[in-house]
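Here the structure is laid out as structure tokens; the discussion comes afterwards.
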Amino acid sequence: MRLLEFQVHVFLIGAVLWHCQLSVAFEIVGKVDIFRQRPCPAFLMFENAAYLEDMSFELPCNCKPEEVPAVVWYYQRRLGSNETTVLTDYNGTTFVDATNIRRGTSVLLRFSIRMFSLIVFKTQVEDTGHYICGNRQGAYFYGYDIDVQSSRDAIVLFADRNQHPTKDQEEKRFSVFTTFWDWTICDRCGVRGEQRRIGMCYVKSEYLFTRYRKALQNVASCGSAAVPGRFKRMMIARKTEILIRSCTMPCRKEKEDRIKSYLTQKINNVITGMGSKISIPDVPTQFYSLQMGYTLVISCPDARPESAVAWDKDDKRLYRTEYLSGGNRSRRVFIDHGNQLHITYTMEEDKGLYFCWLEGRRTAGFHLFVLRKKTRARSISDPETIFAMKLILVSYLFLFVLFVIIHICKCILYMCGCG
């Protein structure tokens, strides 16, 4: 009996050790370096990708020698050009605060390197070109052909108005068409919302340069370096398209939201019972105080240009059908293609509570106060008054000295008999 128990124990111990050996073996396989499995090509190729202006993109360095500890990214507008921009701090630790980036900022201030990957924030049309992963000595490992298409002159189409995308352009040696991304999620819940779909310009031809990799054979984005220059001149009128349509989506009743709404309602009831007319929003709210005549740009927190974002003012819905940039160029308040709310010239009627929706949920509030410009009488102690008095006094002294010099010269000429 004891022998049988001993054999059972030995069998169990052996099974446990065998299982641990399998686990260790599996763990080792899962940690194999990906750069060992993917050698760099002998001839540098460029992977084509297209993005809309103001978006951010990430380019992974898909291959590099195992002994290279850090990579350097190079940028060339035209392949083989003598003008090459180095995008690295040689440590791969560049950190960028994307919230402080504005249009027109140099690419040298908009990039970051994380785990050998290059991240470019809020891209611009000028960022179109070749991005190459290499090392400090100038060896190239992997390349990208990036096409950033403009959003400022994009064609905006509204499906509710029976507007349809532009038809394909058929030429003798190539054809141009629009490839649409998937619809975004409905930007509001519980009420009528909107969905957006971005369409990028692409070209299909057998005459594309073969050094560029494409997702589909003989297809590349319109601004790609794979497209011959003579083709680009013939399709210059083709623009990026943005399609908008209405949608409805029910709100998700989550436990935290119900608790938050309940507490907010209790606070409102207490304040109302005290005779106050103050309304407490159920989302985090920031307060802005601005004088009339200034320009204001509001961004939704944690939102990206490709996110589904909507804006409300008090109880009014600011739908893209009426407020999207490009639809009405004379509009003072509009929403740009990066989902930011613009007020070009603040007026007293702009004061109120603005709400931001992100991915179908209302997430933030902005309480705007517009102050009138007050005029008052100038006093003798004002800096502007002191400066004006000094300027008048200096001018008077200059004219007086000039007057005296002219008369002295006239007297000298008269006494010398030259007058």
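Each residue takes its place number in the sequence, starting with 1.
Between R152 and E53 a salt bridge is recorded (basic side-chain N to carboxylate O distance below 4.0 Å).
Contact check for C300 versus T363: side-chain heavy atoms found under the 4.5 Å cut-off. Looking only at side-chain heavy atoms (C-beta outward), V86 and V72 come within less than 4.5 Å of each other. Here the side chains of D54 and S151 are in contact, with some heavy-atom distance below 4.5 Å.
A donor-acceptor contact shorter than 3.5 Å is absent between the side chain of N218 and the backbone of K204. Counting only distance, with no hydrogens or angles, the side chain of Q163 and the backbone of F158 share a donor-acceptor pair below 3.5 Å. For T128 (side chain) and D147 (main-chain N/O), no donor-acceptor pair under 3.5 Å exists by modelled atom type. Panel note: side chain R245, backbone R197; no donor-acceptor pair is recorded below 3.5 Å. For T346 (side chain) and Q291 (main-chain N/O), a donor-acceptor pair under 3.5 Å exists by modelled atom type. A donor-acceptor contact shorter than 3.5 Å is absent between the side chain of R77 and the backbone of G129.
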Start with the C-alpha gap between H342 and D336, add the side-chain angles, then the distance that decides, and say whether side-chain hydrogen bond (donor to acceptor under 3.5 Å, both in side chains) holds. CA-CA 7 Å; H342 293 248; D336 66 12; 2.8 Å; yes

If you apply the rule side-chain hydrogen bond (donor to acceptor under 3.5 Å, both in side chains), what do you find for Y288 with Q286, and how did you get there? CA-CA 7 Å; Y288 288 90; Q286 299 179 6; 3.1 Å; yes

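Applying the 6.0 Å contact sphere to CD of E58 captures more than 12 heavy atoms from other residues, nucleotides or ligands. Residue D182 qualifies as open at atom CG: its count of foreign heavy atoms under 6.0 Å is 12 or below. In the displayed structure, D168 atom CG is contacted under 6.0 Å by more than 12 heavy atoms of other residues, nucleotides or ligands. The local environment of NZ in K214 is crowded, with over 12 non-hydrogen atoms from other residues, nucleotides or ligands closer than 6.0 Å. Other residues, nucleotides and ligands contribute over 12 non-hydrogen atoms within 6.0 Å of the CG atom of L391. At most 12 heavy atoms of other shown residues, nucleotides or ligands fall within 6.0 angstrom of atom NZ in K351. Shown here is E170, whose CD atom has more than 12 heavy atoms of other residues, nucleotides or ligands within 6.0 Å. Within a 6.0 Å sphere centred on CD of E349, other residues, nucleotides and ligands contribute more than 12 heavy atoms.
Residues V71 and C61 come closest through the heavy atom pair CG1-SG, 4.2 Å. Looking at every heavy atom in both residues, V283 comes nearest to G365 through CG2-N, 3.8 Å. In this structure, R211 and L44 approach most closely via the heavy-atom pair NE-O, 3.0 Å. Smallest separation of non-hydrogen atoms from L157 and H164: CD1-O, 3.5 Å.
Residue pairs meeting the side chain to side chain donor-acceptor pair (under 3.5 Å) criterion with at least one partner in residues 298-308, sequence neighbours excluded, are S299-Q340, R304-E306.
The aromatic rings of Y212 and H130 lie tilted to each other, with the angle between the two planes from 30° to 60°.
Tested against Y144, the residues Y142, Y140, F141 include a single ring-ring contact (aromatic ring centres under 6.0 Å, His included) partner, Y142. The ring-ring contact (aromatic ring centres under 6.0 Å, His included) with Y131 is formed by just one residue from the set Y75, Y74, W73; it is Y75.
Partners of K239 under the side chain to side chain donor-acceptor pair (under 3.5 Å) rule, at least two apart in sequence or in another chain, are D153. Scanning for side chain to side chain donor-acceptor pair (under 3.5 Å) contacts around R192 gives S246, with sequence neighbours left out. The side chain to side chain donor-acceptor pair (under 3.5 Å) test applied to D312 returns R188, R317, W357, not counting sequence neighbours. The side chain to side chain donor-acceptor pair (under 3.5 Å) test applied to Y207 returns no partner, not counting sequence neighbours.
The six-membered or imidazole ring of F334 lies away from that of Y323, with a centre-to-centre distance of 6.0 Å or more.
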Side-chain donor-acceptor contacts of residues 171-179 below 3.5 Å, not counting sequence neighbours, with atom names and distances?
from: E171; atom 1: OE2; to: Q169; atom 2: NE2; distance (Å): 2.9
from: T178; atom 1: OG1; to: R238; atom 2: NH2; distance (Å): 3.1
from: T178; atom 1: OG1; to: E241; atom 2: OE2; distance (Å): 3.0

